[in-house]
Amino acid sequence: MKSLLHYVKQQYLLIVIIVGVVMMLIFFLFNRSDTKANGEGAFETDSFKTMDLEEDLIDDVPLVLMVDVKGAVKLPGVYTFTEGDRIDDAIKRAGGFTEDAEEIHVNLALKLLDEQVIYVPEMGEAPVEIEQYWKEAGDGESGKVNLNTATIEELQGLTGIGPAKAASIVSHREEHGPYQTIDDLKNVSGIGEKSFDSLKDFIEVN
């Protein structure tokens with residue numbers, strides 16, 4: 001009888017041990033799966049944060065402008081400038097006016113724009129309206145990007161707009177409805193005054 005009780009106790013103890021081991025394995029596998037999922041989610045979040053940070057850093061770098069200076073200047077040619085420079089800076093970079101330049105037709109106070117052409121007429125020459133060539137973006141007749149119809153890919157054609165900001169612009173449009181004016185773009189996270197100033201001439205709403 002004692003042998004039987006001893007045998008039963010051994011079997012019961014063995015069963016308890018086996019159940020304990022199985023429970024520990026299940027707990028370990030569950031935690032491992034949950035940790036892996038959380039790690040992947042954290043990685044994706046960190047990736048978007050990194051993209052936002054990179055785009056913000058780009059915003060802090062002054063835009064480089066390419067301007068073609070022609071006509072009655074001493075050194076005509078294509079010159080590089082930074083955002084905020086004016087036509088006066090371009091004329092000076094091109095060596096200044098020639099003696100026969102019709103300076104009255106040149107507004108030296110205007111800010112420079114990327115891909116702009118500045119033409120200085122000579123005395124007696126009729127003022128020439130020079131087209132300002134803009135990089136093509138979007139599919140509108142104006143060549144501007146429509147904030148209410150543009151895709152993420154089209155928005156990335158704008159200066160300083162990367163994948164994260166383009167996605168934010170589209171998300172804001174889907175959550176709050178169409179943009180009423182281009183100024184509404186400033187309501188999008190990551191679009192500050194500086195970013196807006198560099199974009200306003202290239203965007204539109206319908």
Side-chain angles (χ1 to χ4, degrees), residues 38 40-69 78-93 105-119 129-206:
N38 289 337
E40 291 176 351
F43 175 76
E44 292 177 357
T45 301
D46 289 342
S47 296
F48 277 107
K49 287 182 178 179
T50 300
M51 285 191 292
D52 280 331
L53 179 59
E54 290 175 349
E55 292 175 14
D56 288 338
L57 290 175
I58 291 175
D59 284 344
D60 292 335
V61 178
L63 294 177
V64 176
L65 311 177
M66 298 288 291
V67 178
D68 188 4
V69 186
V78 177
Y79 297 91
T80 59
F81 301 90
T82 55
E83 184 181 15
D85 286 344
R86 301 180 183 272
I87 288 182
D88 183 54
D89 298 305
I91 298 299
K92 290 177 180 177
R93 185 77 64 82
H105 295 303
V106 182
N107 185 350
L108 298 176
L110 288 178
K111 286 185 178 180
L112 296 175
L113 302 170
D114 191 30
E115 301 180 13
Q116 183 179 11
V117 174
I118 298 172
Y119 182 81
E129 293 185 4
I130 299 296
E131 179 182 3
Q132 296 176 350
Y133 300 95
W134 305 91
K135 69 176 183 179
E136 294 182 1
D139 54 1
E141 294 182 359
S142 64
K144 296 182 179 182
V145 173
N146 189 326
L147 296 178
N148 290 326
T149 60
T151 63
I152 291 177
E153 290 73 19
E154 290 171 340
L155 290 168
Q156 289 182 63
L158 294 167
T159 301
I161 300 298
K165 284 186 179 178
S168 295
I169 293 172
V170 173
S171 296
H172 188 277
R173 182 178 71 203
E174 293 174 347
E175 293 176 8
H176 303 281
Y179 293 96
Q180 300 302 312
T181 68
I182 61 173
D183 291 284
D184 290 342
L185 186 62
K186 290 184 285 188
N187 296 327
V188 177
S189 176
I191 305 295
E193 286 291 342
K194 185 174 181 181
S195 296
F196 178 75
D197 287 341
S198 66
L199 295 170
K200 64 183 180 181
D201 293 319
F202 301 97
I203 58 177
E204 65 182 2
V205 296
N206 286 337

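Predicted model only: the values in this text are computed from it and were never measured. Residue indices begin at 1 and follow the sequence shown.
- In this structure, the side chain of Asp114 engages the main chain of Met66 through a donor-acceptor pair within 3.5 Å.
- In this structure, the salt bridge (charged side-chain N to carboxylate O under 4.0 Å, His left out) partners of Lys186, at least two apart in sequence or on a different chain, are Asp183, Glu193.
- In this structure, Phe196 and Ile182 have side chains that are in contact, with non-hydrogen atoms separated by less than 4.5 Å.
- Across all their heavy atoms, Glu154 and Thr149 have their closest contact at OE1-O, 4.2 Å.
- Side chains of Thr82 and Val64 form no contact here, defined as non-hydrogen atoms less than 4.5 Å apart.
- Considering every non-hydrogen atom in both Ser195 and Gly190, the closest pair reads OG-O, 4.2 Å.
- Residues passing the side-chain contact (heavy atoms from CB on, under 4.5 Å) test with Asp184, sequence neighbours excluded: Tyr179, Gln180, Thr181, Asn187.
- Here the CG atom belonging to Asp85 is positioned 10.5 Å from the NZ atom belonging to Lys111, to the nearest 0.5 angstrom.
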Arg93 vs Asp89, salt bridge (Lys or Arg N to Asp or Glu O under 4.0 Å): CA-CA, chis, key distance, verdict: CA-CA 6 Å; Arg93 185 77 64 82; Asp89 298 305; over 6 Å; no
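- When side chains are defined from C-beta on, Ile203 counts as touching Leu185, because their heavy atoms get closer than 4.5 Å.
- When all heavy atoms of Gln156 and Pro163 are compared, the pair lying nearest together is OE1-CG, 3.6 Å.
- Under the 4.5 Å side-chain criterion, counting only non-hydrogen atoms from C-beta, Val67 is not in contact with Tyr79.
- Between Ile118 and Ala90 the shortest heavy-atom distance is CD1-CB, 3.7 Å.
- A distance of 11.5 Å separates CG in Asn146 from OG1 in Thr151, rounded to the nearest 0.5 Å.
- Here NZ of Lys165 is found 5.0 Å from CD1 of Ile191. Values are rounded to the nearest 0.5 Å.
- Phe202 has its side chain out of reach of Val145: every pair of non-hydrogen atoms, C-beta onward, lies at least 4.5 Å apart.
- Here NZ of Lys92 is found 12.0 Å from CZ of Arg86. Values are rounded to the nearest 0.5 Å.
- Taking each heavy atom of Ala166 and Leu155 in turn, the nearest pair found is O-CD1, 3.7 Å.
- In this structure, the side chains of Leu108 and Ile91 come closer than 4.5 Å at one or more pairs of heavy atoms.
- Summarising the geometry of Glu83 relative to Ser198, their closest heavy-atom pair is OE2-CB, 4.1 Å, with the distance given to 0.1 Å.
- Taking OG of Ser168 as the reference point, atom CZ of Arg173 lies at 12.5 Å (rounded to 0.5 Å).
- Between Ile169 and Ile152 there is no side-chain heavy-atom pair separated by less than 4.5 Å.
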